[in-house]
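Below: the structure, in structure tokens.
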Amino acid sequence: MTALLNILRVSSRRGRCSLNEKAIERLFLKALDDPGQNTDVVRRVFSILLKATLRYRDDVLSSSGVVVTVADVRSSLELLVPALALGNVPVTDNKVSLGLLELWLNELRLI
């Protein structure tokens, strides 16, 4: 997860703000370059997060015209570990990030 957060930070600094499908895939797959992160469980979780992120991006864009950005995904990732550890959703004003986080938590509960 740390590797993925670092990749998102670098990507957002380089101006890759909107998330196209290839950009999202690269962000998640790049984290798997770290041998400690490249396990079956991590790949399965990343696959779930990736698919949910793409679906969420499309749903939010079509329903409200809002573009999900790298910063939104980074914010959701930063909230994910505390949410999993504490069992509740942290407080945030970023509705896009919160919506994505809630979707991820629901998807991860299914596995």
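- Every side chain to side chain donor-acceptor pair (under 3.5 Å) that Ser97 has, sequence neighbours left out, goes to Ser75, Asn94.
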Might you work through the side-chain contact (heavy atoms from CB on, under 4.5 Å) test for Val68 and Leu61, ending with a clear yes or no? CA-CA 8 Å; Val68 178; Leu61 183 61; over 6 Å; no
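- Between the Asp72 side chain and the Thr69 main chain, a donor and an acceptor come within less than 3.5 Å of each other.
- Residues meeting the side chain to side chain contact (heavy atoms under 4.5 Å, CB included) test with Pro90, sequence neighbours left out: Leu79, Pro82, Ala83, Leu101.
- Counting all heavy atoms, side chain and backbone alike, Val96 lies closest to Tyr56 at O-OH, 2.7 Å.
- Residues that satisfy the side chain to side chain contact (heavy atoms under 4.5 Å, CB included) test with Ser64, not counting sequence neighbours, are Val60, Val66.
- The distance from the CG atom of Asp59 to the CG atom of Leu54 is 11.0 Å, given to the nearest 0.5 Å.
- The one candidate from Ile48, Thr53, Leu84, Val45 that meets the side chain to side chain contact (heavy atoms under 4.5 Å, CB included) condition with Trp104 is Thr53.
- Atom CD of Glu107 and atom CG of Leu100 lie 10.5 Å apart (nearest 0.5 Å).
- Leu105 is listed as a side-chain neighbour of Leu80, based on a closest heavy-atom distance under 4.5 Å.
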